[in-house]
Amino acid sequence: MARVLITGASRGIGKGTAMALHQQGHEVIATARDVSMLAGLPVARKVRLDVTDQASVDQALAEAGPVDVLLSNAGATVRAPVETIPLDTLAALFELNVFGALRVAQGVLPQMRERGTGQLIFMSSIQGRLVIPLIGAYGATKHALEALAETLAVEAHPFGVSVHVVQPPAVASGGAERAQVHLDDANPYRPLLDRLGPFRASPVSVEEVADVVAATIAEGRKAPFRIPVGESATTILRARKQAPDDTPFLAAPLDW
């Protein structure tokens, strides 16, 4: 069994995966910015960790000790058109979804290299390979995250560390409902907001994502680098791969 550190374990995918891995016998270190939100979670350890704060990361990793697996899950999303998204909002999203993930990975990699073994699992999205209108900022962070993860996969491989990105489609975790929305009724892109339903069709459950993470840990270095979650993700990503690059790709019809 593995010692698994999970970021963003207070709700949604992180919480569900922490519970599933604990039930399978893994030693789970659940982390969150507000450690009180981990109350009642049946895991080995609960540690405060704000991935956007280097001092918090350093302290949390020192408290956690060596880990076999990092599940980098902490993240958020935003609804806003690219033309009008506040740049400070975009910067904060990159700080959390990209720099935060890298900050923790940089923290655990030295001890993984020294031991010659370890696994980095990044929670990405199908939006790491395509875009959805009004969710382009989130997609941009996942594109960036996958570029860094793929580079890490090449760089860390000789040291015995494997890297993987998990790519769910929409997830029934409440994350979309918690998204910041920068789109008032006067915004010219407001009608788009009512057309996003098909892009969130056939959401997968938190349990399905947790099962994929558990399988990735079980497979270890043999697990694929990119791992879609569910048939809809597999189908959409296959369509994206086969689509021409001379026009923008849309995962669903859009007429607004």
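Hydrogens, waters and symmetry mates play no part in the numbers below; they use all other heavy atoms, side chains included.
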State, with a plain yes or no, whether a side-chain heavy atom of [X] is found less than 4.5 Å away from one of [Y].
X: L70; Y: T7; answer: yes
X: V78; Y: Q180; answer: yes
X: L145; Y: V165; answer: no
X: K46; Y: M37; answer: no
X: I227; Y: H164; answer: yes
X: T151; Y: V154; answer: no
X: R45; Y: E63; answer: yes
X: V57; Y: L49; answer: yes

Exercise. Could you please spell out the steps behind the side-chain contact (heavy atoms from CB on, under 4.5 Å) verdict for L109 and F159?
Key: CA-CA 10 Å; L109 268 167; F159 298 101; over 6 Å; no
Considering all heavy atoms, the nearest [X]-[Y] contact:
X: R195; Y: P198; answer: O-CD, 3.5 Å
X: R103; Y: T52; answer: NH1-CA, 3.3 Å
X: A30; Y: V43; answer: CB-CG2, 3.9 Å
X: A74; Y: G8; answer: CB-N, 3.8 Å
X: V206; Y: A172; answer: CG2-O, 3.9 Å
X: V69; Y: A2; answer: CG2-CB, 4.1 Å

Using atom types as modelled and distance alone, determine if a side-chain donor or acceptor of [X] lies under 3.5 Å from a backbone N or O of [Y].
X: Q59; Y: S56; value: no
X: H182; Y: I85; value: no
X: T31; Y: I6; value: yes
X: H143; Y: G139; value: yes

Quiz item: How long is the gap from CZ on F225 to CD on Q167, to the nearest 0.5 Å?
Solution: 8.0 Å
Quiz item: Between the side chains of T84 and N187, is a donor N or O closer than 3.5 angstrom to an acceptor N or O?
Solution: yes
Quiz item: Does the side chain of T141 pick up a donor-acceptor pair with the side chain of N97 at under 3.5 Å?
Solution: yes
Practice problem: Determine, stepwise, if the pair M1 / E27 fulfils side-chain contact (heavy atoms from CB on, under 4.5 Å). | Solution: CA-CA 7 Å; M1 293 294 103; E27 183 181 351; over 6 Å; no
Exercise. Inspect the surroundings of CZ in R33 and state if more than 12 heavy atoms from other residues, nucleotides or ligands are less than 6.0 Å away.
Key: no
For residues 120-135, please give each side-chain donor-acceptor pair under 3.5 Å, one per line with the distance, not counting sequence neighbours.
{"residue": "S124", "atom": "OG", "partner": "E146", "partner atom": "OE2", "Å": "2.6"}
{"residue": "S125", "atom": "OG", "partner": "Q127", "partner atom": "N", "Å": "2.9"}

Exercise. Run the numbers on N73 and T17 for side-chain contact (heavy atoms from CB on, under 4.5 Å), then give the verdict.
Key: CA-CA 10 Å; N73 169 75; T17 303; over 6 Å; no
Self-check item: Charged N-O contact under 4.0 Å between D68 and R115
Solution: yes
Practice problem: Could you check H22 against L41 for side-chain contact (heavy atoms from CB on, under 4.5 Å), going step by step and ending with a plain yes or no? | Solution: CA-CA 10 Å; H22 172 78; L41 196 60; over 6 Å; no
Quiz item: What pairs meet the salt bridge (charged side-chain N to carboxylate O under 4.0 Å, His left out) rule with one or both residues in residues 4-25, with sequence neighbours excluded?
Solution: none
